[in-house]
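Here is the structure we will look at, set down as structure tokens.
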There are 2 protein chains.
Amino acid sequence: MKIEVSLKPGHSDPEGETTARLLKELGYKVERVGVSKVYSLSLEAESLEGVAAEAEEMCKRLLANPTKDNYAIVVEEEK
Amino acid sequence: MKIEVSLKPGHSDPEGETTARLLKELGYKVERVGVSKVYSLSLEAESLEGVAAEAEEMCKRLLANPTKDNYAIVVEEEK
């Protein structure tokens, strides 16, 4: 399962701004860079729906800050 | 365009290990957590192939460390 946590629009992203500046200095025509974080988790579960609900809960309890973060959950089955 | 930079297998990922430990303490049956970084870039270019080649170059010059990082590039066209 993958969980991508990114900043909500309007929040400052100093790492993205620095990356954009450095890439421009290297000569690339970059407009904007945003940096987000991906958590790749393996866990055992009985159903895909159960995993998605658990992932949502993990985001709310630990991985994402509801004030400033958006998150996206992608569940993949391993066989 | 998105560039995902992740650690090569075998490299220690303290942030992933800490996240796994905290999720276990919260009661989730997580086996392993890996943390990677996604750069979302907007740039103007004449062709998708040109963008992919430029992205590859950006990874080699700035975004990824060839000793410890893998990277994956996804190019999307905005119209």
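Since we're looking at a predicted model, the values are computed, not measured.
Residue V74(A) is not grouped with residue Y28(B) when hydrophobic side chains (ILVMFWY) are merged at heavy-atom distances under 4.5 angstrom, including chains of intermediate members. Criterion: ILVMFWY side-chain heavy atoms under 4.5 Å apart, direct or through other members. Under it, Y71(A) and L41(A) are part of a common hydrophobic cluster. At a threshold of 4.5 Å between side-chain heavy atoms, the hydrophobic network of Ile, Leu, Val, Met, Phe, Trp and Tyr places I73(A) and V51(A) in one connected group. V75(B) and V38(B) are assigned to two separate hydrophobic clusters, defined by single-linkage of ILVMFWY side chains at heavy-atom distances under 4.5 Å. Residues L22(A) and V30(A) fall within the same hydrophobic cluster, defined by Ile, Leu, Val, Met, Phe, Trp and Tyr side chains chained together at heavy-atom separations under 4.5 Å.
Contacts with chain A were tallied for S6(B), G34(B), A45(B), G16(B); G34(B) has the most, counting heavy-atom pairs under 4.5 Å.
For L63(B), the part lying under 4.5 angstrom from a heavy atom of chain A is the side chain only. Only the side chain of E15(B) comes within contact range of chain A, judged by heavy atoms closer than 4.5 Å. With a 4.5 Å cut-off on non-hydrogen atoms, E57(A) touches chain B through its backbone and its side chain both. Contacts between Y39(B) and chain A at a heavy-atom distance below 4.5 Å involve backbone atoms as well as side-chain atoms. Interface remark: L62(B) contributes side-chain atoms only to the contact with chain A (heavy atom separation under 4.5 Å).
In this structure, E46(A) places its CD atom where only 12 or fewer heavy-atom neighbours from other residues, nucleotides or ligands lie under 6.0 Å away. Summarising the local packing, CD of E44(B) is surrounded by 12 or fewer heavy atoms from other residues, nucleotides or ligands at distances under 6.0 Å.
The shortest non-hydrogen separation linking L43(B) to K29(A) is CB-O, 3.2 Å.
Considering CE of M58(B) and OG1 of T19(A), their distance stands at 11.0 Å, rounded to 0.5 Å. To the nearest 0.5 Å, the span separating CD on E54(A) from CG on L23(B) amounts to 9.5 Å.
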